[in-house]
Amino acid sequence: MNPHPTAMVALLVGIDQYASPTIRDLGGCVNDVDTMAQLLRDKFNVPPANIKKLINREATHQAIKQAFRQHLIGQAQAWVQAGRPEPAPAFLFHYSGHGSQALDESGLEPDGLDETLVPHDSRLNDVYDIKDWELGQLIDELAAPFPAGQANITLILDCCHSGSGTRDPKPTLVPTRRCQPDLRPQPSQRPPGTRATRSLSPTSGWELGANYVLLAGCRDREEANEYIAPQGQAGYHQHGAMTYFLLQELSRLSPGRPLTYRELHERVRYQVNSRYESQMPQCEGQRDRYLFGGLAPERVVTL
């Protein structure tokens with residue numbers, strides 16, 4: 001692994017507003033990806049053209065998949081066509097929004113449910129969630145151009161997907177990032193051979209394969225909370241709890257001090273779990289890799 005890749009390509013998805021009246025809106029998801037984009041530009045010097053955001057109504061089922069293929073996979077294929085110049089780019093997919101579950105009609109899931117991301121237009125007519133195995137297929141396509149085990153892919157999923165009962169929404173409470181499972185018959189089933197390649201089931205619940213590092217907002221039976229952060233004089237900013245403390249830690253990184261995902265996760269997990277005892281962020285995959293493959297921060301920023 002080259003410790004200093006020259007470029008990053010990022011797809012950032014944040015959904016606060018949902019088209020279906022059955023899905024409760026959120027308040028911190030767009031803030032998550034806006035602040036992440038600012039930090040990547042200002043601290044890591046990622047070119048604006050390398051950062052694509054989809055927010056609210058832009059983040060439909062079709063648009064998310066299309067952007068993944070065109071913006072991320074397309075850049076990986078361009079790297080191959082250019083002769084695989086070193087160093088290779090880093091890739092980031094960040095999703096902040098509702099997580100949920102949907103019927104698994106293949107019979108491969110013990111509880112009969114797939115974990116899912118909930119696009120803006122999901123649950124309307126014939127639009128469905130994006131299942132974990134569908135995301136896994138996209139990750140495999142992204143990793144395919146690279147030598148085995150050398151793809152530099154980071155996933156941040158700040159959502160939850162527990163199938164147990166949902167807490168009643170109350171106006172005085174900040175919502176969690178979960179909606180009820182979609183129990184409609186699904187239009188497509190998990191193809192053979194798409195189960196995770198790891199020998200142990202991940203505690204986040206996401207079955208995505210290999211060739212990546214995943215930072216997940218919580219364990220599979222927990223909820224990902226939204227966090228109210230003070231800002232300015234009597235003001236506040238709403239974020240996902242994991243993303244907020246992740247952004248804080250990233251903003252503090254020293255330009256001369258590389259950090260592994262394991263170290264970063266330990267810091268973020270402590271900050272989140274000290275405030276929400278029932279939320280434990282997870283880090284899975286190649287945890288001892290350097291953050292973003294060693295993409296070095298170039299300056300100190302204050303968020």
Side-chain angles (χ1 to χ4, degrees), residues 8-20 23-44 46 48-72 91-100 115-124 127 129-130 132 134-135 138 153-161 174-179 204 206 214-218 223-229 231 236-251 268 272 279 281 292 303:
M8 168 183 279
V9 184
L11 174 58
L12 314 177
V13 179
I15 310 173
D16 285 326
Q17 299 170 6
Y18 283 86
S20 171
I23 301 177
R24 179 177 53 182
D25 287 345
L26 296 168
C29 301
V30 173
N31 288 339
D32 283 356
V33 301
D34 282 347
T35 309
M36 178 64 77
Q38 175 188 342
L39 184 140
L40 292 177
R41 291 191 304 266
D42 295 348
K43 188 174 183 70
F44 292 92
V46 177
N50 285 18
I51 303 171
K52 184 173 182 62
K53 292 192 299 181
L54 295 176
I55 61 174
N56 291 332
R57 66 180 59 189
E58 299 171 344
T60 64
H61 183 117
Q62 181 177 358
I64 293 171
K65 287 184 174 179
Q66 183 177 30
F68 201 107
R69 288 197 168 94
Q70 292 181 351
H71 189 66
L72 298 182
F91 294 92
L92 170 64
F93 176 69
H94 181 151
Y95 172 86
S96 284
H98 275 302
S100 190
E115 310 339 311
T116 67
L117 307 179
V118 186
H120 166 78
D121 58 343
S122 190
R123 318 295 175 93
L124 292 179
V127 181
D129 296 358
I130 297 175
D132 57 351
E134 293 178 289
L135 181 57
L138 291 170
I153 301 170
T154 302
L155 307 174
I156 299 172
L157 304 181
D158 198 344
C159 58
C160 48
H161 51 89
V174 177
T176 58
R177 294 182 171 180
R178 182 184 70 190
C179 64
S204 71
W206 296 100
L214 167 65
L215 295 170
C218 58
E223 295 185 338
N225 291 277
E226 295 217 315
Y227 178 71
I228 299 295
Q231 185 181 51
Y236 70 91
H237 218 219
Q238 192 164 321
H239 284 276
M242 182 190 73
T243 297
Y244 176 79
F245 291 107
L246 174 66
L247 290 165
Q248 293 297 310
E249 291 298 333
L250 291 178
S251 71
V268 173
V272 173
Q279 180 177 350
F292 303 146
L303 296 179

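- For the pairing with Asp32, the side-chain hydrogen bond (donor to acceptor under 3.5 Å, both in side chains) check across Gln238, His239, His94 returns one residue only, His239.
- Partners of Glu249 under the salt bridge (charged side-chain N to carboxylate O under 4.0 Å, His left out) rule, at least two apart in sequence or in another chain, are Arg252, Arg267.
- Judged by distance alone, the side chain of His98 and the main-chain N or O of Ile15 form no donor-acceptor pair under 3.5 Å.
- Proximity of Arg123 to Val118: side-chain heavy atoms (C-beta onward) are separated by under 4.5 Å at one or more points.
- Smallest separation of non-hydrogen atoms from Glu58 and Ala63: O-CB, 3.2 Å.
- When all heavy atoms are compared, the tightest approach of Cys218 to Cys159 is SG-O, 3.8 Å.
- Below 30°, between 30° and 60°, or above 60°: for Phe44 and Phe292 the angle between ring planes is above 60°, a perpendicular geometry.
- Not counting sequence neighbours, Tyr244 has no partner by the side-chain hydrogen bond (donor to acceptor under 3.5 Å, both in side chains) test.
- Using a 4.0 Å cut-off between charged side-chain N and carboxylate O, Arg57 and Asp121 make no salt bridge.
- Heavy-atom minimum distance, Ser20 versus Leu124: CA-CD2, 3.8 Å.
- Taking the six-membered ring for Trp and thresholds of 30 and 60 degrees, Tyr95 and Phe93 have nearly parallel ring planes, at less than 30 degrees apart.
- Interatomic distance, Ile23 CD1 to His120 NE2, rounded to the nearest 0.5 Å: 9.5 Å.
- Remark: side-chain polar atoms of Thr116 are paired, donor with acceptor, to backbone N or O of Ser100 under 3.5 angstrom.
- Put simply, the side chain of Ser251 reaches to within 4.5 Å of the side chain of Leu39, judged on heavy atoms.
- To the nearest 0.5 Å, the span separating CG on Leu250 from CE on Met36 amounts to 6.0 Å.
- Not counting sequence neighbours, Lys52 has no partner by the side-chain hydrogen bond (donor to acceptor under 3.5 Å, both in side chains) test.
- How far OG1 of Thr60 is from CD1 of Ile130: 8.5 Å, rounded to the nearest 0.5 Å.
- Of the possible donor and acceptor atoms, one in the side chain of Asp16 sits under 3.5 Å from a partner among the backbone N and O of Gly28.
- With sequence neighbours excluded, no residue satisfies salt bridge (charged side-chain N to carboxylate O under 4.0 Å, His left out) with Lys43.
- Side chains of His61 and Ser122 form no contact here, defined as non-hydrogen atoms less than 4.5 Å apart.
- One distance of note links CG of Leu72 with CG of Leu138; it measures 9.0 Å at 0.5 Å rounding.
- Residues forming a side-chain hydrogen bond (donor to acceptor under 3.5 Å, both in side chains) with His71 (at least two apart in sequence, or on another chain): none.
- Scanning all heavy atoms of the two residues, the minimum distance from Asp158 to Gly240 falls at OD2-CA, 3.5 Å.
- Side chains of Val9 and Asn50 form a contact here, defined as non-hydrogen atoms less than 4.5 Å apart.
- Residues passing the side-chain hydrogen bond (donor to acceptor under 3.5 Å, both in side chains) test with Arg69 are Glu141, sequence neighbours excluded.
- Residue Lys53 forms a side-chain contact (heavy atoms from CB on, under 4.5 Å) with just one option from Leu11, Leu12, Val13, and that option is Leu12.
- A 4.5 Å side-chain heavy-atom check between Val30 and Gln17 finds every atom pair outside the cut-off.
- Nearest approach of Ser96 to Thr243, heavy atoms of both residues: OG-OG1, 3.9 Å.
- Inter-residue side-chain proximity for Val272 and Tyr227 is flagged as unmet; no heavy-atom pair is nearer than 4.5 Å.
- Within the 4.5 Å cutoff, the side chain of Leu92 has heavy atoms near those of the Leu40 side chain.
- Here CG of Leu247 is found 8.0 Å from CD1 of Ile156. Values are rounded to the nearest 0.5 Å.
- No donor-acceptor pair under 3.5 Å is formed between the side chain of Glu226 and the backbone N or O of Leu26.
- Summarising the geometry of Ile51 relative to Ala37, their closest heavy-atom pair is CD1-O, 3.9 Å, with the distance given to 0.1 Å.
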